A.B. asks: 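Please see the structure below; I have some questions.
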Amino acid sequence: VWYEIVQATLKRNDVKLVAYVPDKVFTPLIKSLHADKDFLTFATAREEEALGVLSGAWMGGRRGAVLMQASGFGTIPNALASPIVPYQIPAIMFVSERGTLGEFNLGQALVCRTMRPVLESLAVEHHTITRHDELEFIVDRSVKQSVATQAAVAFILSPLLTAGKVFEN
Amino acid sequence: MPTSTSSTAPRSRTAASYDNAKVVNRFDLTKRLVAKLKKDEAVIGGIGNTNFDLRSAGRRPQNFYMLGSMGLAIPIALGVALAQPRRHVIALEGDGSLLMQLGCLTTIAALKPANHGQRPLPDHRWPTHRGSRKSPTRSRSPAPPASPRAPGPQTRMISTAWSMPRSPTAGQHSSPPASTTSRASAPPTATPCRSGSASCTGSECAGWCRGS
């Protein structure tokens with residue numbers, strides 16, 4: 001399952017501090033991380049704040065990742081512009097791609113369209129992951145590269161991978 | 001905290017009561033803090049004046065002079081505290097900056113019991129207020145801990161007034177609310193110097209007052 005692969009890959013790369021803002025699609029990953037005592041998993045009030053914690057943790061010698069929804073990404077450009085990019089913090093970001101492939105919420109759709117241009121304008125590497133068979137390769141290699149080059153990376157997890165939000169009734 | 005008893009009280013009376021108040025100077029406080037550091041305490045400066053004060057109080061490699069990340073001094077300090085649970089971590093943050101990221105306090109409070117046996121914190125200190133008279137953070141000082149804290153790792157948060165007057169004798173006593181101040185810097189006041197000394201020639205405040 002996708003979230004088990006993500007969790008195992010993070011653990012293997014010693015990325016064991018995970019801050020998140022809750023998202024329905026990421027809920028199984030969040031629950032699984034909480035259940036794994038090797039991880040320090042905690043919610044933050046905002047995505048910016050999570051990036052701040054990751055920055056401090058990196059300065060203290062510990063690798064971290066942040067989980068957020070695409071709409072949450074809309075709140076972090078300033079945190080990317082400082083401290084993440086200028087201070088060369090290898091922030092590992094997982095973004096649950098919302099506002100595409102069948103969602104009705106126009107607000108999410110607009111943030112979804114601005115997300116990649118923002119990442120590109122800040123020269124932050126990003127990968128949209130759609131397939132299980134590519135997930136481990138992309139995450140494993142990119143985490144290693146992120147740490148080695150001290151540059152942030154964003155993984156955009158497509159509904160094609162996660163099944164997206166399941167609409168009830 | 002002196003306050004006017006009537007909205008029609010003469011301006012001079014209000015000002016006089018402020019003049020008689022004991023005011024803590026932010027830079028002086030920072031200098032005292034740095035002078036008391038003993039080990040490898042990590043100190044995270046907030047955006048703007050808290051950062052400049054920290055630098056002016058004497059450079060140390062354990063300090064982080066943050067630029068541009070308004071509101072993130074406390075989250076960054078939390079990250080250091082989580083990564084290095086044996087190290088004492090201090091965040092200097094302005095009240096306006098804190099308002100931009102108030103939610104970080106809930107994160108710290110929530111992590112307290114679940115932090116792998118570490119206790120990164122709660123010793124909230126709010127020692128200085130007077131400058132931001134209209135700020136919601138003013139005069140909301142939490143009561144001190146009822147019992148002595150157990151020794152161990154902790155994060156200390158010090159909120160300093162965003163628009164703290166440079167001098168207790170400054171003529172202008174009204175400060176804009178934090179929400180209306182510029183993100184880039186505090187409003188330019190300088191009467192006569194942020195060190196609080198009327199006779200400062202630049203040596204007490206690391207040159208801040210020169211040219212003002």
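Note that the structure is predicted; figures quoted are calculated from it, not measured. Proteins get letters first, then strands, A, B, ... in listed order; numbering begins at 1 in each.
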A.B. asks: At a heavy-atom distance under 4.5 Å, which candidate from P86(A), G52(A), G64(A), A45(A) has the highest pair count against chain B?
C.D. replies: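 Looking at each of P86(A), G52(A), G64(A), A45(A) in turn, G52(A) comes out on top.
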A.B. asks: Does Q84(B) reach the main-chain N or O of G60(A) with its side chain, forming a donor-acceptor pair under 3.5 Å?
C.D. replies: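 Flag set: sc Q84(B) to bb G60(A) pair under 3.5 Å.
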A.B. asks: More than 12 non-hydrogen atoms from neighbouring residues, nucleotides or ligands closer than 6.0 Å to NZ on K31(A), yes or no?
C.D. replies: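 12 or below, so no.
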A.B. asks: Measure the spacing between CZ of R46(A) and OG1 of T107(B) and express it to the nearest 0.5 Å.
C.D. replies: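 The OG1 atom of T107(B) is 11.5 Å from CZ of R46(A), to the nearest 0.5 Å.
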A.B. asks: What part of L54(A) gets closer than 4.5 Å to chain B, counting heavy atoms only: side chain, backbone, both or neither?
C.D. replies: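 No part of L54(A) comes within 4.5 Å of chain B.
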A.B. asks: Identify the heavy atoms of E49(A) and C104(B) that sit nearest to each other, and give their distance.
C.D. replies: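 Minimum heavy-atom separation between E49(A) and C104(B): OE2-CA, 3.2 Å.
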A.B. asks: Based on non-hydrogen pairs under 4.5 Å, which of A79(A), G61(A), P83(A), G56(A) is most in contact with chain B?
C.D. replies: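 Among A79(A), G61(A), P83(A), G56(A), the one with the most close pairs to chain B is G56(A).
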A.B. asks: Is it the case that more than 12 heavy atoms not belonging to R141(A) sit under 6.0 Å from its CZ atom?
C.D. replies: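 Check fails, neighbour count at 12 or below.
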A.B. asks: At what distance, to the nearest 0.5 angstrom, does CE of M70(B) lie from OG of S82(A)?
C.D. replies: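 The CE atom of M70(B) sits 12.5 Å away from the OG atom of S82(A).
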A.B. asks: When rounded to the nearest 0.5 angstrom, what is the spacing between CG in L72(B) and CG in N78(A)?
C.D. replies: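 Between atom CG of L72(B) and atom CG of N78(A) there are 7.5 Å.
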A.B. asks: Can you tell me if F137(A) has over 12 outside heavy atoms packed within less than 6.0 Å of its CZ?
C.D. replies: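 No, because the 6.0 Å sphere around CZ of F137(A) holds 12 heavy atoms or fewer from other groups.
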A.B. asks: Looking only at heavy atoms, what is the nearest atom pair of Y87(A) and F64(B), with distance?
C.D. replies: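 Closest heavy-atom pair between Y87(A) and F64(B): CE2-CE1, 3.6 Å.
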A.B. asks: Atom CE in M59(A), atom CD1 in I76(B): separation rounded to 0.5 Å?
C.D. replies: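 Those atoms lie 5.0 Å apart.
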A.B. asks: Could you look at L67(B) and say if it's the side chain, the backbone, both or neither that has a heavy atom under 4.5 Å from chain A?
C.D. replies: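 Contact with chain A involves both backbone and side-chain atoms of L67(B).
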A.B. asks: Is it the case that atom CZ in R12(A) sees more than 12 heavy atoms from other parts of the structure closer than 6.0 Å?
C.D. replies: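 Atom CZ in R12(A) is packed in, count exceeds 12.
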